[in-house]
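In this text the structure is predicted, and so the values were computed from the model without any measurement. Start at 1 and go down the list; that is how both ligands and their atoms are numbered.
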Amino acid sequence: MTSVPLPPLSAALAQYRPSAAATLRFRTPSSAPGVSASSSTRARRFSVIASAREMPWPHVLTVAGSDSSAGAGIQADIKACAALGAYCSSVITAVTAQNTVGVQVKTGMLPSAGVVKVLCESLRKFPVKALVVDPVMVSTSGDTLSGPSTLATYRDELFSMADIVTPNVKEASKLLGDVSLHTISDMCNAAESIYKLGPKYVLVKGGDMPDSSDAIDVLFDGKEFTELRGLRIKTRNTHGTGCTLASCIAAELAKGATMLHAVQAAKKFVESALYHSKDLVIGNGPQGPFDHHFELKSPSYKMGSLQKFNPDDLFLYAVTDSGMNKKWGRSIKDAVKAAIEGGATIVQLREKDAETREFLEAAKACVEICKSSGVPLLINDRVDVALACDADGVHVGQSDMPAWEVRRLLGPGKIIGVSCKTPAQAEQAWKDGADYIGCGGVFPTTTKANNPTLGFEGLRTVCLASKLPVVAIGGINAGNAGSVMELGLPNLKGVAVVSALFDRERVAAETRNLRSILMKNAYSRS
Ligand SMILES: Cc1ncc(COP(=O)(O)OP(=O)(O)O)c(N)n1
Ligand SMILES: Cc1nc(C(=O)O)sc1CCOP(=O)(O)O
Ligand SMILES: [Mg+2]
């Protein structure tokens, strides 16, 4: 057991308003089943529950011991409060060493060189599958958290054991003797210098870099630099972003992700959490915490799905064409209604000739229809129209607005599709934060002028290289859709079709027929 001084309770209570009622609740400790508790858990543990009636967010202060296995103690208190929708801050009265089996390690603030040394010794004795070192030396608020001897021990002993080290620019600067870091190129140089201290990967986080509309981080693996762009969310609630990012990386590695994927997923989580917490009011200071459990409040979670985008929705993708619908004397709205009636699983409005006002009106009507049917609606090319009608997302091609810019404008909750014809484009789409790839033309088409035909081989190459789900497009109809899906590519989720649905008299019947062909194929493969 390591004992730590009890921080003054008054400091923790300072964020409560004088009118807040505080209750002291004394409890004796209990051991979680299957956890062998050290003698320290026999220490008395007590919680202070302060219900702050005038604060906009329910807030509990727990005063208790830490349980390293996180089943009980302060960790359980925090999880319980979060599950019930209350914010929980903490005062740690005792640190216990408790144990379950299985080790993924993420380090946070290590307050002295001695602690870092003890950690290194333990890691040498008990090697872990993945070690994420967040060198917590300078907080997001700018406060220095560890002195020169700790810094030296980090550099000389801990870094060489790490799979990844995740300094922010201030920490990277400190680690390298206060070098100044102002540009992406400075961040790359810093990542390279820290890499020489021994970790397998270095992530220099640029969230604190001024004058940038994006939050750009640099990941270095010893050979290649990868720039990871994220949205810069305007909010005061950035307290804990570094710890959360590192924990998310550790969690993703524990789930078996590659490092690049783990970092990408972690960035996405933090970005989404900040976005959903941007107006949260907790405490009166300049920097507030954010809500890690934002997904619990989203309508899609309440409907039983945590995902804003389900790749299976790409199964039968109906893409409209105003010329074709005019030719057959129907409105965009009627065309969309019929496609949904026939079983389309996602719809894109691709109205190349429509005037903006007319397009927006039609798009608003289609949003209503799609919402009531639970079918996502995307807008082709026009981010402005998608924003104005609150569509579910946008599809862009290689000569449209770049996907990362679309993501910046739409936020993390919307669906973004990108047309890709090569593995390099597919890789870029993933880095830019797209949700799916449209790949074609699989067959020749007259719907899109001068569209190169990739054939099955081109489609296969893109699918194999893509980390994202793919929908095939170009010349697909009831006669050949089966052969596309028979390629059996795991991330090929469906087909996108224009003329085979909309250059026909009976849209619902054509959609139904295509759907039954796709279903037969799906059943025969399962
Ligand atoms: C699902 C899907 N895939 C590809 C495209 C083509 O997009 P783009 O290359 O931008 O060409 P236009 O459709 O804008 O002519 C798409 N629209 N949908
Ligand atoms: C819009 C579009 N994009 C393509 C691509 O290859 O990216 S092919 C295409 C047109 C698809 O229309 P149809 O189903 O009528 O062939
Ligand atoms: Mg386009």
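Less than 4.0 angstrom separates some heavy atom of Gln348 from each of these atoms of ligand 1: 1 (C), 2 (C), 16 (C), 17 (N), 18 (N). Every atom of ligand 1 is numbered from 1 in the order shown, and the set under 4.0 Å from a heavy atom of Lys352 is 12 (P), 14 (O), 15 (O). Taking every heavy atom of Gly438 and a limit of under 4.0 angstrom, the matching atoms of ligand 1 come to 3 (N). Near Arg350, with a cut-off below 4.0 Å to any heavy atom, the atoms of ligand 2 are 1 (C). Close contacts between ligand 1 and Arg350 involve ligand atoms 12 (P), 13 (O), 15 (O) [criterion: under 4.0 Å to a heavy atom]. The Lys421 neighbourhood of ligand 2 comprises atoms 5 (C), 6 (O), 7 (O), with distances under 4.0 Å to a heavy atom of that residue.
Across Ser419, Gly474, Ser399, heavy-atom proximity to atom 9 (O) of ligand 1 is greatest for Ser419.
Ion pairing between a basic and an acidic side chain is recognised when a charged N comes within 4.0 Å of a carboxylate O; Lys174 and Glu171 show no such pairing. Ion pair Lys414/Asp392 not flagged as a salt bridge, since none of the NZ, NE, NH1 or NH2 atoms sits closer than 4.0 Å to an Asp/Glu carboxylate oxygen. Using a cutoff of 4.0 Å between basic side-chain nitrogens and carboxylate oxygens, Lys268 and Glu271 are not scored as salt-bridged. Ionic pairing of Lys267 and Asp217 is present here: one or more N-O contacts between side-chain nitrogen and carboxylate oxygen are shorter than 4.0 angstrom.
Taking any N or O of Ile476, backbone or side chain, none lies under 3.5 Å from an N or O belonging to ligand 2. The distance criterion of under 3.5 Å between nitrogen or oxygen atoms is met by Thr445 with respect to ligand 2. Between Asn380 and ligand 1, at least one N/O pair is under 3.5 Å apart. Looking at Ser499 next to ligand 2, an N or O pair under 3.5 Å apart turns up. Of the N or O atoms in Ala496, none lie within a sub-3.5 Å distance of an N or O in ligand 2. Ligand 2 has an N or O atom lying under 3.5 Å from an N or O atom of Gly441, backbone or side chain. Residue-to-ligand polar distances keep Val471 apart from ligand 1: every N/O pair is separated by 3.5 Å or more.
Residue Asp381 places a heavy atom less than 4.0 Å from ligand 1. Within the 4.0 Å heavy-atom cutoff, Gln398 does not count among the residues contacting ligand 1. At a 4.0 Å cut-off, not a single heavy atom of Gly438 sits close enough to ligand 2 to count as contact.
Residue Asp400 approaches the Mg ion (ligand 3) most closely through its N/O/S atom OD2. Sorting the N, O or S atoms of Asp381 by how far they are from the Mg ion (ligand 3) puts OD1 first.
Side chain of Asn491 to backbone of Cys463: a donor-acceptor contact under 3.5 angstrom is found.
If you take CD1 on Ile249 and CG on Leu203, they are separated by 5.5 Å, rounding to the nearest 0.5 Å.
Of all the heavy atoms of Asp400, the ones lying under 4.0 Å from any atom of ligand 1 belong exclusively to the side chain.
Taking the six-membered ring wherever Trp is involved, the centroid distance between the rings of Phe225 and Tyr195 does not fall below 6.0 Å.
Scanning all protein heavy atoms for the shortest distance to atom 8 (S) of ligand 2 gives Asn451 ND2, 3.3 Å.
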